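The structure follows.
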Amino acid sequence: MAMVRRPSTAALGTPTDLSAEAVDAVTAALNPLVADAFALYLKTKNFHWHVSGPHFRDYHLLLDEQGDQIFALTDVLAERVRSIGGTTLRSISHVTRLQRIKDNEEDFVAPIDMLRELMEDNKAFTVNMRDTHEVASENNDVATASILENFIDETEKRTWFLFEASRVIDRRND
């Protein structure tokens, strides 16, 4: 059987007015965000699937909604990489190499700890998006910067909801 030659990554290049250096810099900044988004999505769904306790329904629905929102941004970020001529993630192992959001493989996590961990992860994700926004701005990639501004807002809202849902109420003062 004859070996079929596959086109090089140059065949994936997309015409853009950004310089090759700008494409490389923005791609290098965006791909870890895509990996983080996948890691945050899976952790959010893990906690959604495994939440328990008296606030089960509220937390279950909150985490489902947040998981959907996070999953939706993965495609937008990855397609932004491609639209400027970069290449993006290809496998779970690629995600693992780039992700900065840590996995949680514990058999049991208390609901309050789930919410707080996700709150901290969303805060870290916001910091990483701000850093990527700076790279995009420095390279005159206004479209990537604009996309990130909207996702920063969404992520800050997720952080707020997780914060409020995880607040411990002193019942003696109710």
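Computation of the quantities below employed the complete heavy-atom set of this structure, encompassing side-chain atoms and omitting hydrogens, waters and symmetry-equivalent molecules. Keep in mind the model is a prediction, meaning the values are calculated, not measured.
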Item checked: Straight-line distance of Leu162 CG to Asn122 CG, nearest 0.5 Å ->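 The CG atom of Asn122 is 6.0 Å from CG of Leu162, to the nearest 0.5 Å.
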Item checked: Residue pair Pro111 / Val51: nearest heavy atoms and the distance that separates them ->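 Minimum heavy-atom contact is CB-CG2, 4.0 Å.
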Note to self: Within this structure, what is the CD-CZ distance for the pair Glu156 and Phe151, rounded to the nearest 0.5 Å?
What the structure shows: 14.0 Å
Note to self: Looking at every non-hydrogen atom in both residues, tell me the closest pair between Ala136 and Ala145 and how far apart they are.
What the structure shows: CB-N, 3.9 Å
Margin query: With a 3.5 Å distance limit and no angle check, can you tell me whether Arg82 reaches the backbone of Gly86 through a side-chain donor-acceptor pair?
Written below: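 The answer is yes, because a donor-acceptor pair under 3.5 Å joins these two groups.
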Check: Would you say Glu105 has more than 12 foreign heavy atoms packed within less than 6.0 Å of its CD?
Finding: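 No, not enclosed.
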Margin query: As a quick check of understanding, evaluate side-chain contact (heavy atoms from CB on, under 4.5 Å) for His48 and Gln66, giving each step before the final call.
Written below: CA-CA 10 Å; His48 160 79; Gln66 290 195 355; over 6 Å; no
Notebook entry, point to check: Measuring from Arg97:CZ to Ile92:CD1, what's the distance to the nearest 0.5 Å?
Noted result: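 CD1 of Ile92 is found 11.5 Å from CZ of Arg97.
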Next item on the list: Establish whether Leu63 and Phe71 are linked, either directly or via other cluster members, by ILVMFWY side-chain heavy-atom contacts under 4.5 Å.
Entry: yes
Margin query: If only side-chain N and O atoms count, and only distance matters, is there a donor-acceptor pair under 3.5 Å linking Thr88 with Asn31?
Written below: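 Side-chain D/A pair, Asn31 to Thr88: present.
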Item checked: Beyond-backbone contact of Val135 with Thr144, side-chain heavy atoms, under 4.5 angstrom -> no
Notebook entry, point to check: What's the spacing between Glu21 CD and Asp24 CG if we round to 0.5 Å?
Noted result: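 Answer rounded to 0.5 Å: 7.0 Å.
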Note to self: With clusters defined by side-chain heavy atoms of hydrophobic residues (ILVMFWY) lying less than 4.5 Å apart, directly or transitively, does Val127 cluster with Val26?
What the structure shows: no
Check: Side-chain heavy atoms under 4.5 angstrom apart, residues restricted to Ile, Leu, Val, Met, Phe, Trp, Tyr: same cluster for Phe163 and Leu62?
Finding: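 Same cluster.
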Margin query: If we ignore hydrogens and angles and just use 3.5 Å, is the side chain of Asp64 paired with the main-chain N or O of Tyr59 as donor and acceptor?
Written below: no
Item checked: Validation row: Phe125, Leu73 side chains within 4.5 angstrom (heavy atoms) -> yes
Below 3.5 Å, can you tabulate the donor-acceptor pairs from side chains in residues 33-43 to any protein atom, sequence neighbours excluded?
unit_1: Asp36; atom_1: OD1; unit_2: Arg100; atom_2: N; d: 2.5
unit_1: Asp36; atom_1: OD1; unit_2: Ile101; atom_2: N; d: 3.3
unit_1: Asp36; atom_1: OD2; unit_2: Arg100; atom_2: NE; d: 2.9
unit_1: Asp36; atom_1: OD2; unit_2: Arg100; atom_2: NH2; d: 2.8
unit_1: Asp36; atom_1: OD2; unit_2: Asn128; atom_2: ND2; d: 3.3
unit_1: Lys43; atom_1: NZ; unit_2: Lys102; atom_2: O; d: 2.6
unit_1: Lys43; atom_1: NZ; unit_2: Glu117; atom_2: OE2; d: 2.7
unit_1: Lys43; atom_1: NZ; unit_2: Asp121; atom_2: OD2; d: 2.6

Margin query: Looking at Leu61, I want to see if its CG is surrounded by more than 12 non-hydrogen atoms of other residues, nucleotides or ligands under 6.0 Å.
Written below: yes
Next item on the list: Decide side-chain contact (heavy atoms from CB on, under 4.5 Å) for Asp153 and Glu149; before the verdict, give the C-alpha distance in whole Å, the side-chain angles of both, and the deciding distance to 0.1 Å.
Entry: CA-CA 6 Å; Asp153 180 54; Glu149 288 166 5; over 6 Å; no
Check: Does atom CD of Glu138 have more than 12 heavy-atom neighbours, drawn from other residues, nucleotides or ligands, at distances under 6.0 Å?
Finding: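 Enclosed.
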Note to self: Which heavy atom of Ser91 sits nearest to which heavy atom of Ser93, and what is that distance?
What the structure shows: OG-OG, 3.0 Å
Next item on the list: Scan Asp141, Thr27, Asp75 and name whichever one has a side chain to side chain donor-acceptor pair (under 3.5 Å) with Arg80.
Entry: Asp141
Notebook entry, point to check: Do you know the tightest heavy-atom contact between Asn139 and Ala25?
Noted result: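 That would be ND2-CB, 3.7 Å.
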Item checked: Cluster check Trp49, Val109: I/L/V/M/F/W/Y, side chain < 4.5 angstrom ->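 Each belongs to a different hydrophobic cluster.
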Next item on the list: State the CG-CD distance between Leu115 and Glu164, to the nearest 0.5 angstrom.
Entry: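 These two atoms lie 12.0 Å from each other.
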Note to self: Which heavy atom of Ala29 sits nearest to which heavy atom of Thr132, and what is that distance?
What the structure shows: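 Heavy atoms of Ala29 and Thr132 come nearest at O-OG1, 3.3 Å.
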Checklist line | Linked, directly or transitively: Ile70 and Val76 (ILVMFWY side chains, under 4.5 Å) | finding: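 Yes; Val76 is reachable from Ile70 via cluster members.
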Next item on the list: Determine, step by step, whether Glu154 and Lys157 satisfy the salt bridge (charged side-chain N to carboxylate O under 4.0 Å, His left out) criterion, reporting the C-alpha distance in whole Å, the side-chain angles of both residues, the deciding distance to 0.1 Å, and the verdict.
Entry: CA-CA 5 Å; Glu154 288 179 10; Lys157 189 172 184 179; over 6 Å; no
Next item on the list: Supply the atom-to-atom distance Glu134 CD to Met129 CE, rounded to the nearest 0.5 angstrom.
Entry: 15.0 Å
